[in-house]
Undergrad: 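Before I ask anything, let me first share the structure, which is written out below as structure tokens.
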There are 2 protein chains.
Amino acid sequence: MERKRSDRIADALEGLIFDGTFADGDRLDEVQLATRFSVSRTPIREALHRLSQSGLVVQIPRRGVFVRQPGPVELIEMFEVMAELEAVSARLAAARISETALADLHATNERCKHAVEAQDTDGYYQENEQFHAIIYRQSGNSFLEQECLRLQRRLQPFRRVQLRVRGRMNQSMAEHEDVVAAIEAADGARAAEAIRRHVSVQGEKFHHLMANLKPAAE
Amino acid sequence: MERKRSDRIADALEGLIFDGTFADGDRLDEVQLATRFSVSRTPIREALHRLSQSGLVVQIPRRGVFVRQPGPVELIEMFEVMAELEAVSARLAAARISETALADLHATNERCKHAVEAQDTDGYYQENEQFHAIIYRQSGNSFLEQECLRLQRRLQPFRRVQLRVRGRMNQSMAEHEDVVAAIEAADGARAAEAIRRHVSVQGEKFHHLMANLKPAAE
DNA sequence: TCAAGGTGTTTTGTATACAAGAATGACAAT
DNA sequence: ATTGTCATTCTTGTATACAAAACACCTTGA
């Protein structure tokens, strides 16, 4: 399945926004981007349109599109929703998970553990993502799965920063154990509660982190 | 705030899909639509792009865009997610709702009741939407509010059909009472459970309804 | 007869040209 | 000096023109 140029450009722009090349409030000039990517304005406009739908930029008619990074308040709100969606997933998964998927969950969690022991932040990040993805899928509700993946993707850059906080990986790991145990026991309520804490703690810690990083960023 | 033509076209197309002018699986021809709306292909393409992001159509690269109505399974999944999102809203709202908003909720519910007594389906539909919107807002989480409104909008045409089922309005009304009582009592868990039932019953009843309507549609 | 390949047509994707609205700056009037 | 208006210029929105990929049909060979 071949993707079109405008899709690749959208991805590239996403990256440029995430890595700070385009800061919050910046206007994204169509002709500038067109020359930068060596294409015409048309695919640029399609890419920007896609980004606006996913919420990364806001499009003001006849004025242009502007980068719109979520502020602290909105971020906390998003983490809250993420926590709830994951809680639902976990609750459903506890009731519906298959044996093979459960084994998979264990295996992935083991890989997480090894990454922690090796202090491999990137590795842990990947395995952690996989861990959550398994739970989404085992909710047995593919629409829910899609929604979870969408939001996870949106919060990705903020989660990533998180893991560098000292001790966060170990704590995260411990929370995983709770989740797995609850799911294995088919205790939906406990699984939901465990993962809710696991995710929402990230939101809470985040504005802590922001406060510490803000001076460095200026 | 003036909207651009492509936005109006997107809305129009949405309507045409909802009212059945374009059925599931139909290909939406760009030039055909362009002549129909008396515009060039460009705004048509932008409109189709928007619809594809919102999930109403699916875009296959180099092949065209096709109407993609959710099947029974996906619909039930979507209602399940809707129920959970509303449950979260209700739980949070029970803790966070303001006095004036609570009064508003009561007033709206009263208007619902009058609509039921008058057998005014359309009126009930509108007030019911308002009722739910108040709860979303009073969750105190505007991101959650947006997500709820988005999904509500997506399920709108299916909900609408529902109300025509005999006795559904009365049952719906009774469920509202439960929700209001629980929120007023600041009992988050009960409010969540009440609204979860209120919404998910729609999903369950829906494929019943589908089975009955299918022959008539053919 | 059927399959395989090629050609022509149709349709999407991209580039460019044109139109219209908004920002900027200068100038005039108070 | 400040404010309001007008014109220039820049940017977005739309139309059209072009390129390339997919589809359909036809021909040709076994």
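Within every chain, numbering begins at 1; the chains are lettered A, B, ... in the order of the sequence lines, protein sequences first and strands thereafter.
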Undergrad: Does anything in residues 44-52 of chain A reach DNA chain C, meaning a heavy atom under 4.0 Å, and if so which residues?
TA: none

Undergrad: Of all residues at least two apart in sequence or in a different chain, which pass the salt bridge (charged side-chain N to carboxylate O under 4.0 Å, His left out) check with B/Glu80?
TA: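 Residues passing salt bridge (charged side-chain N to carboxylate O under 4.0 Å, His left out) with B/Glu80: A/Arg96.
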
Undergrad: Go through the structure and list residues passing salt bridge (charged side-chain N to carboxylate O under 4.0 Å, His left out) with B/Glu129, not counting sequence neighbours.
TA: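 Partners of B/Glu129 under the salt bridge (charged side-chain N to carboxylate O under 4.0 Å, His left out) test: none.
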
Undergrad: Given atom CD of A/Gln59 and atom P of C/dG21, what is their separation to the nearest angstrom?
TA: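 Computing the A/Gln59:CD to C/dG21:P distance gives 17 Å.
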
Undergrad: List for me each residue that meets side chain to side chain donor-acceptor pair (under 3.5 Å) alongside A/Gln59, sequence neighbours excluded, and say none if there are none.
TA: none

Undergrad: Got a sec, which residues hit salt bridge (charged side-chain N to carboxylate O under 4.0 Å, His left out) with B/Arg196, two or more places apart in sequence or on another chain?
TA: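 If we apply the salt bridge (charged side-chain N to carboxylate O under 4.0 Å, His left out) test to B/Arg196, skipping adjacent residues, the hits are B/Glu84, B/Glu193.
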
Undergrad: Applying salt bridge (charged side-chain N to carboxylate O under 4.0 Å, His left out), can you list everything that pairs with B/Arg63, at least two apart in sequence or on another chain?
TA: none

Undergrad: Using a cutoff of under 3.5 Å, can you pull out all pairs of nitrogen or oxygen atoms linking the protein to nucleotides 15-17 of chain C, with atom names and distances?
TA:
from, atom 1, to, atom 2, distance (Å)
C/dA15, OP2, A/Ser40, N, 2.7
C/dA15, OP2, A/Ser40, OG, 2.9
C/dA15, N7, A/Thr42, OG1, 2.9

Undergrad: What's touching nucleotides 9-11 of chain D from the protein side, N or O pairs under 3.5 Å?
TA:
from, atom 1, to, atom 2, distance (Å)
D/dT11, O3', A/Arg27, NH1, 3.3

Undergrad: Thinking salt bridges, do B/Arg197 and B/Glu175 make one under a 4.0 Å N-O criterion?
TA: no

Undergrad: May I have the distance from B/Ile60 (atom CD1) to C/dT11 (atom P), rounded to whole angstrom?
TA: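 B/Ile60 atom CD1 is separated from C/dT11 atom P by 16 Å.
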
Undergrad: In chain order, what residues pass the side chain to side chain contact (heavy atoms under 4.5 Å, CB included) check against B/Gln32, with sequence neighbours excluded?
TA: B/Asp29

Undergrad: Please list every donor-acceptor pair under 3.5 Å in which a side-chain atom of residues 69-79 of chain A meets a protein atom from a residue at least two apart or in another chain.
TA:
from, atom 1, to, atom 2, distance (Å)
A/Glu77, OE1, B/Ser142, N, 3.4
A/Glu77, OE1, B/Ser142, OG, 2.9
A/Glu77, OE1, B/Phe143, N, 3.1
A/Glu77, OE2, B/Ser142, N, 3.3
A/Glu77, OE2, B/Ser142, OG, 3.2

Undergrad: Considering residues at least two apart in sequence or located in another chain, which fulfil the side chain to side chain donor-acceptor pair (under 3.5 Å) criterion with A/Glu127?
TA: A/Arg111

Undergrad: Can you list the residues that meet the side chain to side chain contact (heavy atoms under 4.5 Å, CB included) rule with B/Asp104, with sequence neighbours excluded?
TA: B/Ile134

